[in-house]
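For reference, the structure is listed below as structure tokens.
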Amino acid sequence: MTTESKKKEPLFSAKNKKLFSLPLFGNNPITVQVLGICSALAITVKLENAVVMAISVTAVIAVGNLIISLLRNTIPSRIRIIVQLVVIAALVIMVDQVLKAFVYDVSKQLSVFVGLIITNCIIMGRFEAFAMANKPWPSLLDGIGNGLGYGIILVIIAFFRELLGFGTIWGYKIIPESFYDFGYKDNGFMILPPMALITVGVIIWIQRSKNKDLIEKN
Amino acid sequence: MENFFNIFIKSIFIDNMVFAYFLGMCSYLAVSKTVKTSAGLGIAVVFVMIITVPVDYLINEYLLSPGALSWINPEWAGIDLSFLSFIMFIAVIASMVQLVEMIVEKFSPALYSSLGIFLPLIAVNCAILGGSLFMQEREYQNIGEATAFGLGSGIGWLIAIVAIAAIREKITYSNIPAPLRGLGITFIITGLMGIAFMSFLGITL
């Protein structure tokens, strides 16, 4: 398949590069397309969990996009949602087994949210919007790009929540002991669910004040 | 009976799908522009959940969990199919959603056209799969408890989406900083509502 697209255009043509880079900031799946919020908020208490989740989602979306794109001409459109769900579910089961085997602690903390990758709207959204209508190679790039765009937001949220909530990054103490002697306290509020929503709200605020095109009329 | 009621209340207020676990956020944010549509979607979610959670409970109990197959043949007690639970649960949900879609299309075409693309997307509403997965993880004792949990979670989601829709209808009249309009302010309001819902923590009946 890649050789076929190679003849028509180079493997990393400007168009393909754009497919990859656009979701990172310009058309970010979380802050612009508003997809895949659920897991983004629930597992961002610690940076480690967020990174594991980002890698899992990127793997599922990239491979899934590739598979759906290869099958796109054979899937009857009436039952496409079920076909897509089966592909995603099979990939997620594999990811779940791999996580259980290699990073058991993180897998325990993520609990049901690994299974909920199946219903992560980013994946279905990309299948519907992109993979069903495009060649495998662009689909793969699009999948990786969207997965990373999702991952970046996850890592940003987790960074602030872990830093302010526990005073640690990746489990290592960052805030020096002397701060605590002066009366600095970890903000336990950051660990609670509502602060995740407010953090995302603030990220969207910052992104939109930099990029005026995204402002909604309302 | 008291136990069922306890699970029911707990899943509405304390373990609220939206405010405590962020499940079903996509449709929660996208369809909450008017109260009418959001109530329609909320009721559809309640309806799907009250069926899928007990069905998934039976599937989990009699087919998937370790040793569950022993009712067919005692020699199969060692079989553990729990890795298949994701795919089984999502299949049940997807077929249920198809059914709800047909019913709504038949009896309420107006609601059908206003829900638009979001009706098939109930299939990927995390609240519904999340309900089944939490049911599996928390190991409810019998099908009654699972049903109470499914109903309660669905109603909790319905309350959340109707509440945010009512607030968003009013907020269009407010002067919000331009970059925060729409999505941004909705996130922050949801966070504040989550803080309010935390006041229910620790309630037992």
Side-chain angles (χ1 to χ4, degrees), chain A residues 31-43 79 81-82 84-86 88-90 92-93 96-97 100 111-125 128 189 192-212 214-218, chain B residues 17-30 83-91 93-95 97-98 117 120-121 123-130 132-134 136-137 168 171-172 176-198:
Chain A
T31 59
V32 182
Q33 303 171 31
V34 210
L35 297 172
I37 312 281
C38 331
S39 53
L41 301 171
I43 46 86
I79 58 158
I81 293 196
I82 299 196
Q84 290 165 356
L85 281 175
V86 169
I88 303 172
V92 170
I93 289 173
D96 186 40
Q97 301 292 325
K100 275 190 183 139
S111 73
V112 299
F113 290 96
V114 180
L116 287 173
I117 296 176
I118 298 174
T119 52
N120 192 321
C121 343
I122 295 178
I123 301 177
M124 282 295 272
E128 280 284 293
F189 210 50
L192 298 173
M195 280 315 287
L197 289 159
I198 294 177
T199 315
V200 178
V202 172
I203 290 174
I204 292 174
W205 189 1
I206 294 169
Q207 195 194 15
R208 293 193 177 181
S209 52
K210 293 256 183 276
N211 190 348
K212 303 277 188 222
L214 298 174
I215 293 174
E216 288 172 50
K217 288 199 188 72
N218 198 16
Chain B
M17 280 289 173
V18 174
F19 299 125
Y21 298 106
F22 317 104
L23 298 181
M25 287 299 281
C26 307
S27 28
Y28 170 86
L29 292 167
F83 68 93
L84 281 177
S85 56
F86 295 160
I87 212 162
M88 289 296 277
F89 289 177
I90 202 73
I93 290 167
S95 42
V97 167
Q98 205 82 53
I117 186 174
L121 284 186
V124 282
N125 187 326
C126 348
I128 293 170
L129 182 63
S132 293
L133 292 176
F134 275 125
Q136 187 190 31
E137 195 186 70
R168 283 182 79 174
I171 216 164
T172 46
I176 305 159
L180 209 50
R181 265 179 218 157
L183 191 59
I185 195 71
T186 313
F187 268 107
I188 292 177
I189 294 168
T190 311
L192 296 176
M193 284 164 77
I195 294 172
F197 263 70
M198 278 169 61

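The chains referred to below are lettered A, B, ... by the order of the sequence lines, with proteins before strands, and numbering in each begins at 1. Computed from a prediction, not measured in an experiment: that's the story for all the values here.
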Task: Between CE on residue B:Met193 and CG on residue A:Leu197, distance to nearest 0.5 Å - done: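 Here the interatomic distance stands at 10.5 Å.
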
Open item on the list: Under the side chain to side chain contact (heavy atoms under 4.5 Å, CB included) test against A:Trp205, which residue among B:Ile185, B:Leu180, B:Leu183 passes?
Closed with: B:Leu180

Task: Passing option when B:Phe86 is tested against A:Ile117, A:Ile93, A:Ile88, A:Leu116 for side chain to side chain contact (heavy atoms under 4.5 Å, CB included) - done: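 That would be A:Ile93; it is the only one of A:Ile117, A:Ile93, A:Ile88, A:Leu116 passing the side chain to side chain contact (heavy atoms under 4.5 Å, CB included) with B:Phe86.
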
Which heavy atom of [X] sits nearest a heavy atom of [Y], and at what distance?
| X | Y | answer |
| --- | --- | --- |
| B:Ile188 | A:Gly201 | CG1-CA, 4.1 Å |
| A:Ile198 | B:Gly191 | CG1-CA, 4.1 Å |
| A:Arg208 | B:Arg181 | NH1-O, 3.7 Å |
| A:Ala90 | B:Ile87 | N-CD1, 4.3 Å |
| A:Pro194 | B:Gly194 | CG-C, 3.7 Å |
| A:Pro193 | B:Ala20 | CG-O, 3.8 Å |

- [ ] Give, as side chain, backbone, both or neither, the part of B:Phe19 having an atom under 4.5 angstrom from any heavy atom of chain A.
- [x]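 Just its backbone gets close to chain A.
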
Open item on the list: Can you list everything that forms a ring-ring contact (aromatic ring centres under 6.0 Å, His included) with B:Phe187? Sequence neighbours excluded, please.
Closed with: none

Task: B:Tyr21: ring-ring contact (aromatic ring centres under 6.0 Å, His included) partners, not counting sequence neighbours - done: B:Phe134

- [ ] For chain A, find which of B:Leu84, B:Leu133, B:Ile189, B:Thr186 contributes the most heavy-atom pairs closer than 4.5 angstrom.
- [x] B:Leu133

TODO: Just do the side-chain contact (heavy atoms from CB on, under 4.5 Å) check on B:Leu23 and A:Phe113 with the steps written out, would you?
DONE: CA-CA 10 Å; B:Leu23 298 181; A:Phe113 290 96; 3.7 Å; yes

Open item on the list: Taking side chain as everything from C-beta outward and backbone as N, CA, C, O, which of these in A:Gln207 sits under 4.5 Å from a heavy atom of chain B? Side chain, backbone, both or neither.
Closed with: neither

